[in-house]
Amino acid sequence: MSTIAIVEDNADNRLLLRALLSDRFDIVEYETGIDAVDGLARWTPDLVLLDISLPGMDGVEVLRVLRGRDDMRGVPILALTAHAMAGDREKYLGYGFDDYLTKPIIDDALLFEAIDRHLTGAHAAGSARSVNANGAG
Amino acid sequence: MQGEYSAATGGSAPGNIEALHRLHRFGGLSLVQQMASLFASEMPPRLYAARTAAAEGDRDTVRGVAHALRSSCGQIGAVRMVTICDRLLSDDLADMAAETEQLERESARFIAWLDATLVASRELQ
């Protein structure tokens, strides 16, 4: 089972995401960006759902720290944000997020589709890297 | 089982019944009840933070509270509160203190509506 790290300061959003995802994925939750950076220094998730508006260290800062780690470079990091503005999607994809999801979550199918697509892509890329590292392919 | 939620008040209700149906579909009655309980318990400190910041003219803090609240309100169907949060987040905000007071009043109305709706729904089930 893939493991998803959820970085979200709102308890109700964490509760909802856990309810939606925990049947299909192992879930590890972080309430702040600093907690996430500290916690994710000790392990590598398969995918990260990262809120943009976090107290202290915001989601973009967390993204930069995580992307600076070799083991996290191939891990999909999906932005979660409320109060989406025109142009936000392009802005956050430009920062290096792999995808951009808005809150509130209205359509769970969109959430699952994005997670599945990025997990599949990450696993395929990981397999290709392994093959290349072994001198084949 | 699909949830059956019946709005406790009429067309001018402070909440959107469809949001409760959606939460029920996501996680059943248990999730609806947990979300409602969490929303109500988290509201006093959030409103206090907004009220205090508004009194001090601290626009950034008010915006931060409104941003977080908007997401929670949207998820649980507090549609009027979402509208007030949008005004608090707007660059054209005219009266921060008045809007935060309105947010408090609307919060009380929504939580009362939510409680009554959940009680009525339990009676239907």
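Letters go in sequence order (proteins before strands), and every chain restarts at 1.
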Within residues 2-39 of chain A, which positions have a heavy-atom distance to chain B below 4.5 Å? A/Asn10, A/Ala11, A/Asp12, A/Asn13, A/Leu15, A/Leu16, A/Ala19, A/Leu20
With a strict 4.5 Å heavy-atom criterion, list every residue of residues 41-67 of chain A that contacts chain B, or say none. A/Ser53
Top residue by heavy-atom pair count (under 4.5 Å) with chain A, among B/Ser71, B/Gly74, B/Gly27? B/Ser71
I need the B/Glu101 CD to B/Ile84 CD1 distance, nearest 0.5 Å. 11.5 Å
Consider only side-chain heavy atoms of I, L, V, M, F, W and Y, link residues closer than 4.5 Å, and tell whether [X] and [Y] are in one cluster.
X	Y	result
B/Leu103	B/Val79	no
B/Tyr48	B/Met43	no
B/Val82	B/Ile76	no

Result for salt bridge (Lys or Arg N to Asp or Glu O under 4.0 Å) between B/Glu99 and one of B/Arg105, B/Arg59, B/Arg63, B/Arg87 points to B/Arg87
Measuring only between side-chain heavy atoms, which start at C-beta, is [X] closer than 4.5 Å to [Y]?
X	Y	result
B/Arg22	A/Ile106	yes
A/Tyr100	A/Asp88	yes
A/Asp98	A/Tyr92	no

Side chain to side chain contact (heavy atoms under 4.5 Å, CB included) partners of B/Glu104, counting only residues at least two apart: B/Leu47, B/Arg51
Cut-off 4.5 Å, heavy atoms of chain A, and the answer for B/Glu42 is side chain
Okay, B/Leu23 and chain A: the region with an atom under 4.5 Å from a heavy atom over there is side chain
Once side chain to side chain donor-acceptor pair (under 3.5 Å) is applied, do any residues pair with A/Asp99, and if so which ones, sequence neighbours excluded? A/Arg89, A/Arg117, A/His118
Any donor-acceptor pair under 3.5 Å linking the side-chain atoms of B/Ser72 with those of B/Arg46? yes
